Enquirer: 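Quick one: structure below, then a few questions.
Bear in mind the structure is a predicted one, so any value in this text is a computation, not a measurement. Numbering of ligands and ligand atoms starts at 1, following listing order.
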Amino acid sequence: MKAFTYQRAKTAAEAAKAVASTPGAKFLGGGTNLLDLMKLQIETPTHLVDVQDLKLDRIEATSEGGLRIGALVTNTALAADARVRKDYGVLTRAIVAGASGQLRNKATTAGNLLQRTRCPYFYDTNQPCNKRQPGSGCAAIGGFSRQLGVIGTSDACIATNPSDMAVAMRVLDAVVETVGADGRERKIPIAEFHRLWGDTPHIETVLEKGELITAVTLPKPIGGQHFYHKVRDRASYAFALVSVAAVLQKDGSGRVAFGGVAPKPWRVEAAEAALPNGAKAVAARAFAGARPTHDNAMKLTLAERTLASIMAEARA
Ligand code: SF4
């Protein structure tokens with residue numbers, strides 16, 4: 001691991017200013033992804049600004065009838081919260097489908113949204129990777145790509161966003177709250193939070209330098225039946241080949257988002273209008289324009305069948 005300096009911030013403003021004003025600085029929350037990447041020298045921050053004292057670890061009701069989740073609420077605490085389990089079941093199901101119990105005890109809400117891709121070439125510093133080293137190329141294109149993206153990818157990068165939690169938050173229309181180094185606060189709809197890769201796959205979100213996530217807000221509950229089905233190569237502690245988050249209503253309407261297929265949780269609202277016509281119709285619209293590789297074309301069938309299994313379960 002490369003040497004770095006360390007600071008424990010007392011306020012969000014102090015943390016944001018410190019990261020904005022120090023070249024190579026990064027925030028440290030639960031550290032479940034960042035510290036692994038530092039040990040592999042994929043991330044080499046010069047300075048860590050620890051935000052764990054910022055008291056952003058509460059879940060509070062909002063005046064609009066929703067919930068405001070502090071950025072440092074752990075994945076375990078969020079999944080177990082009685083209000084989340086009752087009104088936002090898709091979120092609890094998605095979180096417990098991810099990582100391991102030990103990791104969920106430490107991983108935070110903000111950190112989950114910011115975790116890096118699990119593309120195997122990103123983790124192999126002997127391989128070219130535009131995300132790790134901009135302009136170096138992409139070993140996955142033409143390489144082993146079974147786990148990688150089928151839509152929203154680019155000629156520079158075909159990696160996927162690895163988060164389960166974010167897929168559920170996309171279905172729930174969550175909003176990410178931030179504060180910048182100049183004290184400016186922003187509310188970013190989760191649909192706009194993660195970027196498509198384009199020519200700059202090393203830039204993964206719309207956050208600016210030093211901009212700190214303070215909370216994620218859920219709108220008031222939308223009712224319906226909540227599902228999160230995750231298909232993976234082993235039963236636990238594995239990233240999704242395909243996942244589907246869905247909230248289905250009795251009148252046949254609903255919301256659907258896919259994970260494991262794109263640089264961001266993949267939700268196409270126009271496709272949801274096809275729910276009464278079945279999973280095939282929804283998938284055809286949601287994945288129009290997909291560009292899978294030879295290795296991962298099966299994800300398109302898998303996504304459709306996973307949604308079909310959810311719809312069958314809802315009917316039953
Ligand atoms: Fe790197 Fe993206 Fe290519 Fe993977 S797919 S090697 S993360 S550029």
Enquirer: Under 4.0 Å between a Lys/Arg side-chain N and an Asp/Glu carboxylate O for D36 and R116?
Expert: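 Here D36 does not pair with R116 in a salt bridge, since their nearest N and O are not under 4.0 Å apart.
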Enquirer: One thing to verify: whether R184 and E211 come together as a salt bridge, which I'm taking to mean a side-chain N less than 4.0 angstrom from a carboxylate O.
Expert: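 The answer is no: the pair does not qualify as a salt bridge.
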Enquirer: List the closest protein heavy-atom neighbour of atom 5 (S) of ligand 1: residue, atom name, distance to the nearest 0.1 Å.
Expert: I158 N, 3.3 Å
Enquirer: Any salt bridge between R186 and E192, counting N to O under 4.0 Å?
Expert: no
Enquirer: Tell me whether C119 has at least one N, O or S atom under 2.8 Å from atom 4 (Fe) of ligand 1.
Expert: yes
Enquirer: Would you mind reporting whether M38 and F4 have side-chain heavy atoms less than 4.5 Å apart?
Expert: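 Yes - at least one pair of side-chain heavy atoms lies under 4.5 Å apart.
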Enquirer: Could you confirm whether C129 has any N/O/S atom lying under 2.8 Å from atom 3 (Fe) of ligand 1?
Expert: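 No.
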Enquirer: Hey, are R285 and E272 close enough for a salt bridge, meaning a charged N less than 4.0 Å from a carboxylate O?
Expert: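 Between E272 and R285 there is no salt bridge, as every charged N stays at least 4.0 Å from the carboxylate O atoms.
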Enquirer: Within ligand 1, which atoms have a heavy atom of Y121 less than 4.0 Å away?
Expert: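 Atoms satisfying the 4.0 Å criterion: 6 (S).
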Enquirer: Contact between ligand 1 and A156 is defined here as a heavy atom of the residue under 4.0 Å from a ligand atom; is it met?
Expert: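 Within the 4.0 Å threshold, so yes.
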Enquirer: Before accepting this row, confirm whether a basic side-chain N of the pair D155/R291 lies closer than 4.0 Å to the acidic partner's carboxylate O.
Expert: yes
Enquirer: Under a 4.0 angstrom heavy-atom cut-off, which atoms of ligand 1 come close to C138?
Expert: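 Close to C138: 3 (Fe), 5 (S), 6 (S), 8 (S).
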Enquirer: Of the protein's non-hydrogen atoms, which lies at the shortest distance from atom 2 (Fe) of ligand 1, and what is that distance?
Expert: C157 SG, 2.4 Å
